[in-house]
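Note on naming: letters A, B, ... go to the chains in the order of the sequence lines (proteins, then strands), and numbering restarts at 1 for each one.
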Amino acid sequence: MKPGRLLAWGGLAALAWLARGLVLPLFLAAALAYLLSPAVAWADALAIRRSVAVSALFAGIIAVLVTVGFLLGPGMLAEGGALVDRLPALARQIDVGLDAVVRELAESAPALRRLLPEGGGWVQRFVLNRGPSEPGDLFEHVGHLFLLAILIPFFAFFLLRDMHRLIAVAMDRLPPQHVETSVAVWRELNGVIGRYIRGLVLDGLVVGALAALGLWAAGVPYPLLLGAFAGLANVVPFVGPLLSAAAAGLVVVLTPGQGLAGVGRVVLLFLAIKVLDDTIIQPFTIGRSVHLHPALLLGSVVVGSHALGVLGMIIAVPVATVLQETARLLLEHRRVLARRDLRHDPKRLVV
Amino acid sequence: MFERPLPRWLAWAADPEQLQRAPFLARSPLFAGLPRRLLGRLATRFFEKVYHPGEIVFEEGDPGRALFVVVEGTVEITRATAQGPYVLNTLGPGDAFGELALIDDFPRSATARVATPGRLLILYKSDFDALMEGNSRIALVVLRNLSRRLAIYARRKPVVATEPDPERAGPL
């Protein structure tokens, strides 16, 4: 490799390293752009300029968010405030229960004593006392969230507005003979990712709404917060529904007057939502965008969680699907080329 | 005359490229009979690429994954023979080629080479399939037009020839 080219690659790598903090906002912006792309395609079909369509779309989203904020915001803020106020008392209540269980275990099976954690008040120590200790930390967290809230729509806006131009530039750089196959592979993957992301969000919305309605009907406190959590957690395969059911169960256990019957109702509700999701909602929302074998699905989620934590679990399924689809398309391409070579083989004519 | 999709007071927001593309596609025999609304949706799925003379669009035996429509310039469709490439057809603006890629997975039956500087519109099979899923009317019209083209080639008198006959150059 020539020294100039080596230097250029080195400079690019250094730049990529410096800009690594932009990976998460870019990833989330791409997901947002996939989510909104059908609306832009609809405007394209009406021959509306991209810049006008995307600007109008973002103005519409801001209007919807403000309206939803006005409608649901006060309720959610009240629930959140009440939960925060009750949090120290709830933590003490959980700790008392946990301490009792540990003591009981230690008395009934002295051999386990060494394995059991010492001390008490785990929830207070590990959850409540882990908040930002310094005012500087708090500002850093808030600043980071604020930056994400600005960067994600900013990148999504330009992705939606200029993606077709970027594709045109890339197509002009590709050797003409390879344009058909290489862009075809990208178009197929683009379709799979788009359908998956839009399906996942729609699925989360339906599951969240069902959970909120069900919890409200069952008389469980904080139905809006728990429903929102169930919808958000739903994007994490396998673990998400378990976490949302556990959170709702915990709230029921700690609510006076709910008892075991309340826990049973919550378990039944989340079981019914899961069955409904797997059999009716997902086939309509995510549908045929994912063709992964269940074992591969589980494996990808485990690998994703080890590599990138919760984010890895969320992106594991689309990444595994993209890898599987790429391998399938490349194998198909090789098979067609082999068929062509066989047809042009002079020995074959003799045979 | 092709109907304007936007009212006059919204003319400033119109995309001139899309405004031209849909009526252009309406003139192509493959998309004849599609209503304006569906032509508009179809037009958004096309990619445009500039080609230079001598550049190969695809080669005989390549996997077929897209349909091409000539916007500008000319494209030669050739087939390899023992004596060298044989020109089956020369296509100009409005002509479509590679249309069989939209309905099957067989390799290309001929080579497409750009003869004069031009622009091509490219429609990928995956995009066409996605469009058909939501609009059976598009599938019906395009496949009916394609069947007509295939029927015309099939009805031609069989000719025994050692060289490919340009008159028998069918869809690719």
Side-chain angles (χ1 to χ4, degrees), chain A residues 37-38 40-53 55-56 164-165 167-192 194-195 287-289 325 329-344 346 349, chain B residues 4-6 10 12-22 36-45 47-52 54-68 80 98 101 105-108 111-114 120 122-131 133-134:
Chain A
S37 61
V40 178
W42 176 78
D44 275 348
L46 291 175
I48 297 172
R49 248 182 243 273
R50 272 280 171 109
S51 50
V52 176
S55 304
H164 65 304
R165 287 192 199 132
I167 295 166
V169 170
M171 281 174 81
D172 280 338
R173 296 285 178 278
L174 281 170
Q177 208 178 332
H178 295 145
V179 163
E180 188 181 3
T181 303
S182 44
V183 181
V185 170
W186 177 74
R187 289 308 293 165
E188 288 217 19
L189 297 179
N190 181 61
V192 169
R195 280 195 298 274
R288 287 171 293 154
S289 56
E325 283 295 300
L329 290 166
L330 289 177
L331 282 174
E332 197 182 291
H333 185 70
R334 281 187 65 178
R335 202 170 52 238
V336 173
L337 289 183
R339 237 179 0 211
R340 178 182 73 177
D341 294 343
L342 192 67
R343 204 169 56 178
H344 290 169
L349 297 176
Chain B
R4 284 176 72 84
L6 288 175
L10 265 179
W12 59 273
D15 182 351
E17 199 179 308
Q18 281 295 327
L19 277 179
Q20 287 172 358
R21 192 176 283 179
R36 182 188 61 78
R37 185 178 56 84
L38 295 183
L39 268 171
R41 296 188 72 169
L42 183 73
T44 62
R45 304 287 178 141
F47 289 90
E48 194 172 304
K49 180 168 165 58
V50 173
Y51 283 86
H52 303 289
E55 284 182 343
I56 304 272
V57 181
F58 55 73
E59 256 190 317
E60 192 178 340
D62 278 352
R65 298 193 189 280
L67 154 86
F68 296 82
D105 296 325
F106 283 98
R108 298 291 192 193
T111 296
R113 184 192 300 272
V114 176
L120 300 183
I122 311 171
L123 175 65
Y124 287 93
K125 185 179 186 301
S126 52
D127 288 323
F128 183 65
D129 288 346
L131 201 61
E133 275 178 23

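Distance alone, capped at 3.5 Å, is enough to place a donor-acceptor pair between the B/Lys49 side chain and the A/Met171 backbone. Within the 3.5 Å criterion, the main-chain N or O of A/Val169 finds no donor-acceptor partner in the side chain of A/Asp172.
Rounding to the nearest 0.5 Å gives a distance of 9.5 Å between CG of B/Leu67 and CD of A/Glu180.
For B/Ile56, the parts lying near chain A are the backbone and the side chain together; criterion is any non-hydrogen pair under 4.5 Å. Contact of A/Leu189 with chain B is not made at all, since no heavy-atom distance falls under 4.5 Å. Heavy atoms closer than 4.5 Å to chain A are found nowhere in B/Ala43, neither backbone nor side chain.
Taking the ring centre of B/Tyr124 as origin, the terminal cationic atom of A/Arg187 falls outside the region bounded by 6.0 Å and 45° from the ring axis.
For the options A/Thr181, A/Val183, A/Asn190, A/Val185, heavy-atom pairs under 4.5 Å to chain B are most numerous at A/Val183. When each of B/Glu55, B/Glu17, B/Arg41 is checked for heavy-atom pairs under 4.5 Å with chain A, B/Glu55 comes out on top.
Under the 4.0 Å criterion applied to side-chain N and carboxylate O atoms, A/Asp44 and A/Arg50 are assigned as salt-bridge partners.
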